[in-house]
Protein chains: 2
Amino acid sequence: MRIGELAQRSGFSRDTIRFYEQNGLITSTVGDSETNSYRKYKDDCLVWLEFFAGAREAGMSVADLRSIVEANAESCDREAARAVVLGKIEELNERADQIGNAIRFLENTLSRLG
Amino acid sequence: MRIGELAQRSGFSRDTIRFYEQNGLITSTVGDSETNSYRKYKDDCLVWLEFFAGAREAGMSVADLRSIVEANAESCDREAARAVVLGKIEELNERADQIGNAIRFLENTLSRLG
DNA sequence: CCAAACCATGGACAGTGGTCTATTGTTTTT
DNA sequence: AAAAACAATAGACCACTGTCCATGGTTTGG
């Protein structure tokens, strides 16, 4: 598919998709047209973008996402890939703990406001 | 206490504390010395800063934190304050869901890397 | 007393994560 | 055919979240 469709289906803007591509989060190929240089994106990209949406919301940086994508791509080196992914899971668990703390703090605030 | 002590005890740098103060997250008073203009921070600030550390890690922005601080300060308008805090709790719960999704995604990745 | 450490203020700078604009060319719709 | 929509590329621009630096003054340890 072309970037417009990908944008529409993923909910990211064209600009953001290009930004992500520049940063190695997704890849595209130049189409086979003789007359234009429109890029082609596989369905794969859409799957990744859907993950990115949640992962960004969950607090992962673009650099984090790149390392995950790379871990997937270079799964020839499985141990390294596993290590990266395990590390990210660990980070997310810590973040979840922090969210729990913050929620408790706010619930306290709330009961003080009673 | 003075900013250096606050920095040391909170783990934030002096610069960050000043940045937070500029952004309304904490307040200080000018000390009573005749010869200097050193600012004084109450223990209260330390409590807030400890919360901020976790809350930032949990993905709350400085603007978010300011609105919570303000909700606390202007608790004369309790309903408004409650609404702000409830809204933040809601956001954090959504963020926690996103983290859960991301973790599941990564665990899938992991089992693919098996 | 003097150096080291501290403080205030203000502004410059940096990294992240985009967004917007300009330019130029292509495709699709009417 | 003309207008509208789409695309590529490059670079400017933005808000956010700090960090660093310069300057000038103050306090403290030895």
Side-chain angles (χ1 to χ4, degrees), chain A residues 1-42 45-46 48-49 51-69 88 91 95 98 102, chain B residues 1-42 45-46 48-49 51-69 88 91 95 98 102:
Chain A
M1 78 191 93
R2 298 194 312 204
I3 197 169
E5 185 183 349
L6 184 58
Q8 188 262 310
R9 287 171 68 183
S10 69
F12 287 99
S13 73
R14 286 177 177 82
D15 279 331
T16 299
I17 290 172
R18 291 196 182 104
F19 173 74
Y20 283 175
E21 187 169 0
Q22 277 162 23
N23 283 276
L25 267 54
I26 55 173
T27 55
S28 63
T29 53
V30 183
D32 41 358
S33 164
E34 294 288 327
T35 51
N36 69 34
S37 55
Y38 292 2
R39 303 197 143 269
K40 267 192 330 195
Y41 297 84
K42 295 191 240 171
C45 292
L46 187 54
W48 276 114
L49 287 174
F51 165 63
F52 296 159
R56 293 283 301 121
E57 180 67 21
M60 302 185 74
S61 70
V62 169
D64 286 339
L65 298 180
R66 183 175 51 227
S67 67
I68 290 168
V69 168
K88 297 306 169 192
E91 282 175 26
R95 200 180 304 275
Q98 296 300 328
Chain B
M1 79 192 92
R2 298 195 310 204
I3 196 168
E5 185 183 348
L6 183 57
Q8 189 263 310
R9 288 172 67 182
S10 68
F12 286 99
S13 71
R14 287 179 178 82
D15 278 331
T16 299
I17 290 172
R18 292 197 181 105
F19 172 73
Y20 284 176
E21 186 168 0
Q22 276 162 24
N23 283 275
L25 266 54
I26 55 174
T27 55
S28 64
T29 52
V30 184
D32 42 356
S33 164
E34 295 288 328
T35 51
N36 70 35
S37 55
Y38 292 2
R39 303 198 143 269
K40 269 192 328 195
Y41 296 84
K42 295 192 240 169
C45 292
L46 187 55
W48 276 114
L49 286 173
F51 165 63
F52 296 159
R56 294 282 301 122
E57 180 68 21
M60 301 185 73
S61 69
V62 170
D64 286 339
L65 298 180
R66 183 175 51 227
S67 66
I68 290 168
V69 169
K88 298 305 170 192
E91 281 175 26
R95 201 180 303 275
Q98 296 299 329

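Within every chain, numbering begins at 1; the chains are lettered A, B, ... in the order of the sequence lines, protein sequences first and strands thereafter.
Judged purely by atom type and a 3.5 angstrom limit, A:Arg56 uses its side chain to pair as donor or acceptor with the backbone of A:Met60. The main-chain N or O of A:Leu25 is never found under 3.5 Å from a side-chain atom of A:Asn23 such that the two would form a donor-acceptor pair.
Heavy atoms only, all atoms of each residue included: B:Ser10 and B:Ile17 are closest at OG-CD1, 4.0 Å. When all heavy atoms of B:Ala7 and B:Arg14 are compared, the closest pair comes out as CB-N, 4.0 Å.
Of the residues in residues 1-9 of chain A, those lying under 4.0 Å from DNA chain D by heavy-atom distance are A:Arg2, A:Ile3, A:Gly4. A heavy-atom distance below 4.0 Å to DNA chain D is reached by these residues of residues 18-31 of chain B, ordered by number: B:Phe19, B:Tyr20.
Using a 4.5 Å heavy-atom cutoff, the side chains of B:Phe51 and B:Leu65 are in contact. Counting heavy atoms from C-beta outward, B:Arg95 and A:Glu57 have side chains that approach closer than 4.5 Å. A:Arg18 places a side-chain heavy atom less than 4.5 Å from the side chain of A:Ile3.
The distance from atom NZ of A:Lys40 to atom CG of A:Leu6, rounded to the nearest 0.5 Å, is 14.0 Å. With rounding to the nearest 0.5 Å, the separation of CD in A:Gln8 from OG in A:Ser13 is 13.5 Å.
Using a 4.0 Å heavy-atom criterion, one finds that A:Asp15 contacts the bases of the nucleic acid, with or without backbone contacts as well.
First and last contacting nucleotides of DNA chain D toward chain B (any atom under 4.0 angstrom from a heavy atom, 5' to 3' order): D:dT17 to D:dT27. Nucleotides of DNA chain C with any atom under 4.0 Å from a heavy atom of chain A span, from 5' to 3', C:dG17 to C:dT27.
Take A:Glu21 and apply the side-chain hydrogen bond (donor to acceptor under 3.5 Å, both in side chains) test, not counting sequence neighbours, and it matches A:Ser28, A:Tyr41. In this view, A:Arg66 satisfies the salt bridge (charged side-chain N to carboxylate O under 4.0 Å, His left out) rule with no residue, not counting sequence neighbours.
Each of B:Trp48, B:Tyr20, B:Phe19, B:Phe52 was compared with B:Phe12 under the ring pair (Phe, Tyr, Trp, His ring centres under 6.0 Å) criterion, and only B:Tyr20 meets it.
With DNA chain C read from its 5' end, the first of the two nearest nucleotides for A:Val62 and B:Arg14 is the one closest to B:Arg14. The nearest heavy atom of DNA chain C to A:Ser33 and to A:Phe12 marks one nucleotide each, and the one closer to the 5' end goes with A:Phe12. Comparing B:Ser37 and B:Met60 against DNA chain D, the residue whose closest nucleotide sits nearer the 5' end is B:Met60.
Salt-bridge check for B:Lys88 with B:Glu91: passed, with a basic side-chain N closer than 4.0 Å to an acidic carboxylate O.
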